[in-house]
Q: 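Questions regarding the structure given below will be posed in turn.
The shown structure was predicted, so the numbers you read here are calculated from the model rather than taken from an experiment.
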There are 2 protein chains.
Amino acid sequence: MTTNSACSLIDMETLERIAPIIRHTAHPLRLRILDFLSSQEEPQTVTAIIEACKSPQAIVSQQLRILKDQNVLSARRERNHVKYSVANSNVLLLLDCIRRH
Amino acid sequence: MTTNSACSLIDMETLERIAPIIRHTAHPLRLRILDFLSSQEEPQTVTAIIEACKSPQAIVSQQLRILKDQNVLSARRERNHVKYSVANSNVLLLLDCIRRH
DNA sequence: ATCATAGATAGTTATATCACAATATAATGT
DNA sequence: ACATTATATTGTGATATAACTATCTATGAT
């Protein structure tokens, strides 16, 4: 160690892996969805999420897919409903981050 | 309170205000810059940041501007150098979030 | 005044994301 | 079989972001 004393920077591979997850989550409606789901005990139906978001069905459905693609949410079919829940609780730190702002 | 018990969802105005800050920060190189700056006691010159990032000057400069525009970083000129430092420590929670992943 | 160093900006092309409308699929009830 | 409710997908045009090259500006030294 000569001049530079900082040694444990997060490696680029990790940053490249995680950054898209955060970037995809950092969208107003998707954060709202995440906030809503994390506030509920049980997985919620798309209809309930639409209601909580007050946004058009197609748009909510699209955002749910994006979050599912990033493994932020998971979905399971139950009778004629699909219920979503938070799959990766790490991203909930984003919400804390926002609340503290 | 009838069926819906969740009451304190973060309001949309806040989400719309904060989301872009997070989105702009959630980029591999910009996270690296942030990580580096937060690891150093003192504000750092662009040259030092370039060195830490091992990326071309123009690109680093561009990313610094983006972070400054979002008020994540602040810059001050000192003689013939410009020194950057973390202006908004809230976003450092993103780094924690990543480390825990 | 000229030069070197440090840093910022502009221009460009490719790609990604957005919101929205329209349509499709899936399961259930009659 | 048909209608209904629940959810997903596709297509589109507008806008944003990415990485890169080239150029520009600012400060300080000779």
Side-chain angles (χ1 to χ4, degrees), chain A residues 3 12 15-34 36-37 40 42-85 87, chain B residues 3 12 15-34 36-37 40 42-85 87:
Chain A
T3 50
M12 283 308 280
L15 294 178
E16 277 161 15
R17 191 164 45 81
I18 310 292
I21 299 173
I22 298 178
R23 213 168 45 234
H24 280 99
T25 305
H27 171 285
L29 185 50
R30 295 198 283 270
L31 287 167
R32 157 72 74 175
I33 291 171
L34 198 61
F36 172 62
L37 287 178
Q40 301 294 121
E42 297 289 313
Q44 297 290 312
T45 67
V46 177
T47 307
I49 297 169
I50 289 169
E51 164 67 16
C53 292
K54 294 166 179 39
S55 297
Q57 179 271 323
I59 295 188
V60 170
S61 199
Q62 214 166 228
Q63 311 308 328
L64 288 171
R65 186 203 214 296
I66 290 170
L67 289 171
K68 192 152 68 78
D69 285 350
Q70 300 295 322
N71 292 307
V72 171
L73 299 184
S74 65
R76 69 166 201 276
R77 179 139 229 146
E78 198 170 289
R79 300 189 51 89
N80 58 335
H81 289 279
V82 177
K83 294 194 168 186
Y84 282 83
S85 56
Chain B
T3 50
M12 284 307 282
L15 295 177
E16 276 161 15
R17 191 164 45 81
I18 310 292
I21 299 173
I22 298 178
R23 216 169 43 234
H24 280 99
T25 306
H27 171 287
L29 185 50
R30 295 199 282 271
L31 286 167
R32 158 72 75 173
I33 291 171
L34 198 62
F36 172 62
L37 287 178
Q40 300 295 121
E42 298 289 316
Q44 297 289 312
T45 67
V46 177
T47 307
I49 297 168
I50 290 168
E51 163 66 16
C53 292
K54 295 167 178 42
S55 298
Q57 179 270 322
I59 294 188
V60 170
S61 200
Q62 215 164 231
Q63 312 308 328
L64 288 172
R65 186 205 216 292
I66 290 169
L67 289 170
K68 191 152 67 76
D69 285 350
Q70 300 295 321
N71 292 308
V72 170
L73 300 184
S74 65
R76 69 166 202 275
R77 179 138 229 146
E78 199 170 289
R79 300 188 54 87
N80 58 335
H81 289 279
V82 177
K83 294 195 169 184
Y84 282 84
S85 57

Q: Report the residues that fulfil side-chain contact (heavy atoms from CB on, under 4.5 Å) with A/Gln62, sequence neighbours left out, ordered by chain and then residue number.
A: none
Q: Provide, to the nearest angstrom, the distance between the CG atom belonging to B/Leu64 and the P atom belonging to D/dA19.
A: 14 Å
Q: What is the distance from CZ of B/Arg77 to C1' of C/dG7, rounded to the nearest Å?
A: 7 Å
Q: Specify the closest pair of heavy atoms between B/Tyr84 and B/Ile49, including all atoms of both residues, with the distance to one decimal.
A: CB-CD1, 4.0 Å
Q: Please confirm whether the backbone N or O of A/Leu67 pairs with a side-chain atom of A/Arg30, one donor and one acceptor, at under 3.5 Å?
A: no
Q: Considering only D/dT7, C/dA6, C/dT9, which nucleotide approaches the side chain of B/Ser61 most closely?
A: C/dT9
Q: A/Leu73 CG to D/dA8 C1': how many Å, rounded?
A: 15 Å
Q: Output the rounded distance in Å from CZ (B/Arg76) to P (D/dT27).
A: 16 Å
Q: Where do N or O atoms of nucleotides 28-30 of chain D meet protein N or O atoms at under 3.5 Å, pair by pair?
A:
none

Q: What nucleotide among D/dA6, C/dA8, C/dG7 has an atom nearest to a side-chain atom of A/Thr47?
A: D/dA6
Q: Do A/Leu15 and A/Met12 pass the side-chain contact (heavy atoms from CB on, under 4.5 Å) test, and can you show the C-alpha distance, the side-chain angles, and the key distance before you say yes or no?
A: CA-CA 5 Å; A/Leu15 294 178; A/Met12 283 308 280; 3.8 Å; yes
Q: At under 4.0 Å, does any side-chain N or O of A/Tyr84 touch on OP1 or OP2 of D/dA6?
A: no
Q: Taking all atoms of both residues into account, what is the closest heavy-atom pair of B/Leu31 and A/Ala19, and its distance?
A: CD1-CB, 3.9 Å
Q: Is there a side-chain contact between A/Ile66 and A/Gln63 (heavy atoms, below 4.5 Å)?
A: yes
Q: For A/Arg76 and A/Pro43, work out which heavy atoms get closest and say how close.
A: NH1-CG, 3.7 Å
Q: One character per nucleotide, please: for nucleotides 14-19 of chain C, 5' to 3', B when the base has a protein heavy atom closer than 4.0 Å, S when only the sugar-phosphate does, - otherwise.
A: ---SSB
Q: Which sits closer to the 5' end of DNA chain C, A/Ala58 or B/Lys83, going by the nucleotide each is nearest to?
A: B/Lys83
Q: Send over the distance from B/Arg65 CZ to C/dA6 C1', rounded to a whole Å.
A: 17 Å
Q: What is the separation between atom NE2 on A/His81 and atom C1' on C/dT28, rounded to the nearest whole Å?
A: 10 Å
Q: Reading DNA chain C from 5' onward, which residue's closest nucleotide shows up sooner: B/Val82 or A/Gln57?
A: B/Val82
Q: Looking at B/Arg23 and A/Ala26, would you say the former's side chain and the latter's main chain have a donor-acceptor pair under 3.5 Å?
A: yes
Q: Is there a side-chain contact between A/Leu64 and A/Val82, using heavy atoms and a 4.5 Å cut-off?
A: no
